[in-house]
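Order of the sequence lines sets the chain letters (A, B, ...), proteins ahead of strands, with each chain counted from 1.
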Amino acid sequence: MTKASTRADFEVIAGWVQPGETVLDLGCGDGALLKLLQEQRGARGWGVEIDPARVLAAVRHGINVIQSDLEEGLAGFEDGAFDHVVLSRTLQTMRHTQRILTEMLRVGREAVVSFPNFAFWKNRMAVMQGRMPVSDDLPYEWYDTPNLRFFSIDDFEVLAAEIGLNVRERRVLDDRGQPVSEEANFLGSLAVYRLAGASR
Amino acid sequence: MIRGNAEESRVQKDAKDAQFAAVAAEHYVCVERRLAASAGSARTGQASLGAAMEVPPQVGVGVVESKVARFGAPLMLRSGFTLPGFELVYETYGELNADRSNAILVCHALSGSHHVAGYYAGQPKSQGWWDNIVGPGRPLDSERFFIVGVNNLGGCHGSTGPRSIDPATGQPWGSRFPVVTVEDWVEAQARLADHLGIAQWAAVIGGSLGGMQALQWTIQYPDRLRHALVIAAAPNLTAANIAFNEVARQAILSDPDYALGHKPRHGLRLARMLGHITYLSDDQMALKFGRRRRADAGSFGFGIEFEIESYLNYQGDRFAESFDADTYLRMTRALDYFDPAAATGGDLAAALTPARADFLVVAFSSDWRFSPARSREIVNALIRNRRNVSYAEIASRHGHDSFLLADAQYHAIVAAYLQRTRT
């Protein structure tokens, strides 16, 4: 399983899930988050994963995993099928950014999205010094990163407003997993959002 | 972790493609061996054919024997017909544990049988049709599970069917044998479970029509299985699938020999040739046969010139020798009729409401007869019912036949799923 220390957002997400609620975890990997939500929160969970090795790992861990490509949307899932739809550290790897966000709120009552903040001060420092940032939250070199979209907390909030996402809660963590309360776009390494549709 | 990086997945895909090409190249021989033994042959993904042939049969379950269970109580079929009693021929692999909790039922598809694994004494080529997945250390691990294979009612491998004697007439049933359904099979299989003292299966598994039986078990006897493994299946047949079945049946029914009460060899042959085309994928056929011709090609006549023609005719001949036409008619009809959601106005989730089992659903990317989208219908209905379900879509070029082959990812998924199964 993924080390808990590298997944500070899991604890935040766990706090938003109530016992008995259903969770769809998009890009669930080996199922570490769902395992946590099931064991600590008594949630019912299913994951979506495209990579065969990770699907196998999830099955090994006894996690419900559905092998499917997120880039093709969530067409297989019915409207309002889940209490929470989670996209943990995956939004920045997706081509169809807006579509996945609206799809999440179609199949889920709530969407939970976490992503690395490219405008975190250490990332800015790295760029000032002439290099692309590499950190626990951005653990890749420029040439092997799966990340396609480079955006900040402020960027995300502009998009959220434009496409009518209602931000119900936001938690920002620094690179040690500690909460950040001020100057989030400068001091935050990872952002976790709890979103609902605008009409709610 | 974050989604796979593109380069890594491309490299994996290339490696996988190479592996599939190797398997596909051998598949022609593999399928012939399988049918030559009138059953599936054990294949491992990367072994060369020579190496596979040298593998001693005892790496699987070894020598097996068929058994017969007799049931005296009448069985009322869905058609309204009542069978006065019946026999089921079956095989078992592994040992039933003390609390009888480690039993797995393997349901066969259209042309399968109770002979799932192992071989018969003195017949080293008589390997079971799904030998590659059953045995010590294999996904259906016979050192851990007690695995049961059964020939379905209406079959032609020893269970009561068209070749059996009708006690009322003292003659074989032949074409008078009733049409049987997936529900009837589950009913008969439940009686076999009673006979073996198995109150609850650890798992029921099947591919294609066998997967439909596994699915039906969860509706018909929800408390009698803990897991259902539904592979290369569908919640019902599409119109195109029923159409293929109808052409196959017409091939048999329109064979003059059939009307005369003789074996309709030509009809069976055509039925199998048609079926075989649909079990493969276009890609795989191109890879295996392409436009290759035999040495005597170019006659400007209608003999067998292309390799694909040779292959299909060979398959048709083998099948016509070994299989029963009346069984074939009934198996295809059972496929057509299967539609659990028909009783709930087309709502599959409603039909699956009774289900209590956990599910593994597996589909294969190139399977156009039982496409991944059809498996997803099952998955979505189960999620709607909040059942535990995992779904694997295996990248494969081998069409519907993929479920019989030993793809590494496919077998790893089944093995991993069953390893977590409590016994």
Side-chain angles (χ1 to χ4, degrees), chain A residues 2-3 6-7 20 22 24 26-32 38 44-71 75-78 81-82 88-94 107 115-116 137-141 143-148, chain B residues 1-13 15-16 139 227 229 347-349 358-365 372-396 407-422:
Chain A
T2 314
K3 274 188 286 179
T6 66
R7 306 307 304 256
T22 55
L24 183 68
L26 305 178
C28 70
D30 64 2
Q38 280 166 206
R44 299 288 319 267
W46 294 263
V48 175
E49 180 57 61
I50 180 73
D51 179 68
R54 292 181 189 139
V55 170
L56 179 58
V59 171
R60 284 210 175 104
H61 290 133
I63 297 300
N64 293 317
V65 59
I66 312 301
Q67 189 165 9
S68 186
D69 186 357
L70 296 180
E71 296 288 8
F77 298 102
E78 293 172 11
F82 304 93
S88 169
R89 303 183 192 233
T90 301
L91 186 64
Q92 76 280 2
T93 69
M94 295 202 56
V107 305
F115 57 85
D137 288 323
L138 288 171
Y140 296 95
E141 292 289 351
Y143 49 81
D144 69 2
T145 181
N147 297 334
L148 299 171
Chain B
M1 282 304 289
I2 294 182
R3 295 158 53 86
N5 97 37
E7 182 56 31
E8 176 188 295
S9 61
R10 204 161 33 241
V11 170
Q12 284 172 349
K13 188 170 176 296
K16 208 156 192 192
H227 297 271
L229 286 80
D347 184 342
L348 184 60
D358 292 347
F359 288 78
L360 175 67
V361 178
V362 180
F364 298 90
S365 58
R374 302 308 318 278
S375 282
R376 279 298 298 270
E377 290 178 33
I378 299 172
V379 171
N380 295 337
L382 292 169
I383 291 176
R384 198 165 124 201
N385 291 350
R386 303 197 172 188
R387 302 304 326 152
N388 285 320
V389 55
S390 281
Y391 168 68
E393 191 174 312
I394 309 295
S396 169
D407 176 81
Q409 171 75 5
Y410 162 40
H411 276 198
I413 291 277
V414 173
Y417 184 83
L418 287 175
Q419 267 160 20
R420 292 196 59 92
T421 303
R422 174 176 60 80

Closest contact, heavy atoms only, A:Val59 versus B:Arg420:
O-CD, 3.3 Å
Taking every heavy-atom pair that is under 4.5 Å apart, which of B:Pro372, B:Ala416, B:Ser390, B:Ala363 has the most such pairs with chain A?
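Between B:Pro372, B:Ala416, B:Ser390, B:Ala363, the count favours B:Ser390.
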Name the member of B:Asn380, B:Asp358, B:Ile413, B:Asn388 that forms the most heavy-atom pairs with chain A at distances under 4.5 Å.
B:Asn388
Kindly write out the residues that satisfy side chain to side chain contact (heavy atoms under 4.5 Å, CB included) with B:Arg384, not counting sequence neighbours, or none if the list is empty.
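Scan of B:Arg384 (side chain to side chain contact (heavy atoms under 4.5 Å, CB included), adjacent residues dropped) gives A:Glu78, B:Asp347, B:Ala349.
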With heavy-atom distances below 4.5 Å as the criterion, would you say the side chains of A:Ile66 and B:Ile383 are in contact?
yes
Roughly how far, to the nearest 0.5 Å, is the CD atom of A:Gln67 from the OG atom of B:Ser365?
9.5 Å
Counting only N and O atoms by type, is there a donor-acceptor contact under 3.5 Å from the side chain of B:Arg386 to the main-chain atoms of A:Arg44?
no
So which part of B:Arg376 gets closer than 4.5 Å to some heavy atom of chain A, the side chain, the backbone, both or neither?
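B:Arg376 touches chain A through side-chain heavy atoms alone.
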Structural part of B:Val389 lying under 4.5 Å from a heavy atom of chain A:
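Backbone plus side chain of B:Val389, per the 4.5 Å heavy-atom cut-off to chain A.
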Looking at residues at least two apart in the chain, or sitting in another chain, which of them share a ring-ring contact (aromatic ring centres under 6.0 Å, His included) with A:Phe77?
A:Phe82
Check whether A:Arg60 gets within reach of chain B through its side chain, its backbone, both or neither, counting any heavy atom under 4.5 Å.
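For A:Arg60, heavy atoms of backbone and side chain both lie under 4.5 Å from chain B.
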